[in-house]
**Student:** 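Please see the structure below; I have some questions.
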Amino acid sequence: MKRAGAAFFVAVPMAAAAAYFLAPTDSAEPLAKPSVSAAQAAREEAKDRAEEERAEDDRVIAGLPAGLAAPEKKELAQRIVASAHQSTLNWRALYGSIEDLGDGRGYTAGIVGFCTGTHDLLALVERYTETHPDNGLARYLPALREVDGTDSHEGLDPGFTAAWKAEAKLPAFRRAQDEHRDRVSFDPAVRLAKLDGLGTLGQFVYYDALVFHGPDAGPEGFYGLRERALRVADTPAEGGGEKAYLDAFLDIRRTAMATERMDTSRVDTAQRRFLDEGNLRLETPLEWAVYGDTYKVP
């Protein structure tokens, strides 16, 4: 998974901003700045507005079908992702997987490919260590922080891979991987897809893209890809056609992957195939191919 980017927004009351910027420049008095209390009030107002918007979104989502969040669909989603991640449908066999794929992201490990070079593996181990301080990976935290953002193994070799595999045998660490996947990728993807008016297939398209590209607002991250798609097609929530929007999103994602010389079969012969078949509800039986291997779910 790619590293998450960050966007920062500053809220300033309009009246205060106008008073500050439109004040006469030849005044002998120093320009007045918003008071601490005004700035605090602006922050509280922005917080209240965000909470109100989230509450409204929650009400919208509560009235929608479960979609990909339904247990059987969520299980199907993990199987499809695993076919692209490690050429298997048995995603539960991947808790202990760890290897360097030579893609510049360091070690790739676990059920959805947490990477030492893209912050998500570090975040997983940090959170796990908060509740399990004596775990076998905790001693590697200083090294994980040092290599974050690089493909380096410095401080990790030779023992980190063995420590990961050993920890992955424990139910607590398996639960930690499940929870981190849901918190960082699955839940945000499904939520946003539902707000965009997408059905189960569209929710999966967002989920797979978030897993693979990471929660980055840059042009090659998931949120960046979505922003680019929104410029060329309306979401169903905006009155657009679901197939047309997903076509645009997959086109943009495929181009981003091809630009980095990545295999695009998880788009071309899996998600695009489902879309071309009109399977917007991601109903089984399913058949798809990734890296030339064919998979079937009855």
Side-chain angles (χ1 to χ4, degrees), residues 1-12 46-47 49-58 60-61 64 67-69 77 80-81 84 103-105 112-113 115 117-120 123 149 181-264 266-268 270-272 274-275 280 282:
M1 181 184 292
K2 289 192 175 180
R3 187 184 185 106
F8 298 89
F9 301 90
V10 179
V12 179
K47 178 183 176 184
R49 188 164 57 250
E51 290 176 348
E52 289 173 4
E53 291 172 353
R54 183 172 182 86
E56 177 58 29
D57 288 345
D58 287 342
V60 170
I61 291 171
L64 297 174
L68 201 68
I80 300 172
V81 169
D103 57 4
R105 302 178 188 180
V112 289
C115 298
T118 61
H119 191 69
D120 52 332
R181 171 203 62 204
D182 290 350
R183 182 172 55 254
V184 175
S185 301
F186 187 83
D187 292 346
V190 172
R191 179 185 179 84
L192 183 55
K194 287 183 176 182
L195 292 173
D196 280 348
L198 300 174
T200 307
L201 174 60
Q203 293 161 32
F204 175 76
V205 167
Y206 272 20
Y207 172 52
D208 186 69
L210 212 163
V211 165
F212 187 84
H213 297 275
D216 197 329
E220 309 306 321
F222 166 71
Y223 293 105
L225 295 175
R226 176 177 173 271
E227 286 300 315
R228 290 161 63 188
L230 291 174
R231 295 188 198 119
V232 298
D234 290 334
T235 67
E238 297 171 320
E242 186 168 10
K243 184 178 187 304
Y245 173 74
L246 289 175
D247 264 327
F249 182 88
L250 290 177
D251 283 345
I252 288 168
R253 183 184 176 192
R254 187 190 188 285
T255 298
M257 294 173 71
T259 299
E260 296 189 27
R261 303 191 179 210
M262 297 176 177
D263 183 275
T264 61
R266 67 197 299 154
V267 171
D268 300 336
Q271 295 168 51
R272 180 79 72 185
F274 304 151
L275 184 61
L280 296 176
L282 203 61

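Computation of the quantities below employed the complete heavy-atom set of this structure, encompassing side-chain atoms and omitting hydrogens, waters and symmetry-equivalent molecules.
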**Student:** Using the ring-ring contact (aromatic ring centres under 6.0 Å, His included) criterion, which residues pair with Y207? Sequence neighbours excluded.
**Tutor:** F186
**Student:** Residues two or more places apart in sequence or in another chain: which of them pass ring-ring contact (aromatic ring centres under 6.0 Å, His included) with Y245?
**Tutor:** none
**Student:** State the CZ-CZ distance between R228 and R253, to the nearest 0.5 angstrom.
**Tutor:** 12.5 Å
**Student:** Please list, chain by chain and in numerical order, all residues satisfying salt bridge (charged side-chain N to carboxylate O under 4.0 Å, His left out) with D103, sequence neighbours excluded.
**Tutor:** none
**Student:** Holding to side chain to side chain donor-acceptor pair (under 3.5 Å), I want the full list of residues that pass it with Q271, two or more places apart in sequence or in another chain.
**Tutor:** D208
**Student:** According to side-chain contact (heavy atoms from CB on, under 4.5 Å), who are the partners of D251, at least two apart in sequence or on a separate chain?
**Tutor:** R272
**Student:** Taking the side chain as every heavy atom from C-beta outward, state whether I80 and F274 have any pair of such atoms under 4.5 Å apart.
**Tutor:** yes
**Student:** For D120 and G113, work out which heavy atoms get closest and say how close.
**Tutor:** OD2-O, 4.0 Å
**Student:** When rounded to the nearest 0.5 angstrom, what distance separates CG in L250 from CE in M257?
**Tutor:** 10.5 Å
**Student:** Of all residues at least two apart in sequence or in a different chain, which pass the side-chain contact (heavy atoms from CB on, under 4.5 Å) check with A237?
**Tutor:** T235
**Student:** Tell me, please, which residues at least two apart from D57 pass side chain to side chain donor-acceptor pair (under 3.5 Å).
**Tutor:** none
**Student:** With sequence neighbours excluded, tell me which residues meet salt bridge (charged side-chain N to carboxylate O under 4.0 Å, His left out) with D234.
**Tutor:** none
**Student:** Rounded to the nearest 0.5 Å, how far apart are CG of L192 and CZ of R226?
**Tutor:** 4.0 Å
**Student:** If you round to the nearest 0.5 Å, how far is CG of L275 from CZ of F249?
**Tutor:** 12.0 Å
**Student:** Output all residues satisfying side chain to side chain donor-acceptor pair (under 3.5 Å) with E56, sequence neighbours left out; order by chain, then residue number.
**Tutor:** R59
**Student:** Check P188 against Y223 and note the closest heavy-atom contact, atom names and distance.
**Tutor:** CB-OH, 4.1 Å
**Student:** By salt bridge (charged side-chain N to carboxylate O under 4.0 Å, His left out), which residues pair with D187, not counting sequence neighbours?
**Tutor:** none
**Student:** For residues A256 and L225, report the shortest heavy-atom separation together with the two atoms involved.
**Tutor:** CB-CD2, 3.8 Å
**Student:** Measure from the side-chain N and O atoms of Q203 to the backbone N and O of A189, and report whether any donor-acceptor pair falls under 3.5 Å.
**Tutor:** no
**Student:** Can you measure from CG (L68) to CG (L201) and round to the nearest 0.5 angstrom?
**Tutor:** 9.5 Å
**Student:** Got a donor-acceptor contact below 3.5 angstrom from the E242 side chain to the G199 backbone?
**Tutor:** yes
**Student:** Kindly give the heavy-atom pair with the smallest separation between A248 and V232, and that separation in Å.
**Tutor:** CB-CG2, 3.8 Å
**Student:** Does R254 reach the main-chain N or O of T264 with its side chain, forming a donor-acceptor pair under 3.5 Å?
**Tutor:** no
**Student:** Could you state the interatomic distance from CZ (F204) to CG (L280), rounded to the nearest 0.5 Å?
**Tutor:** 14.5 Å
**Student:** How would you list, by chain and number, every residue that makes a side chain to side chain donor-acceptor pair (under 3.5 Å) with R181, sequence neighbours excluded?
**Tutor:** none
**Student:** Please name all residues satisfying side-chain contact (heavy atoms from CB on, under 4.5 Å) with R261, sequence neighbours left out, ordered by chain then number.
**Tutor:** none
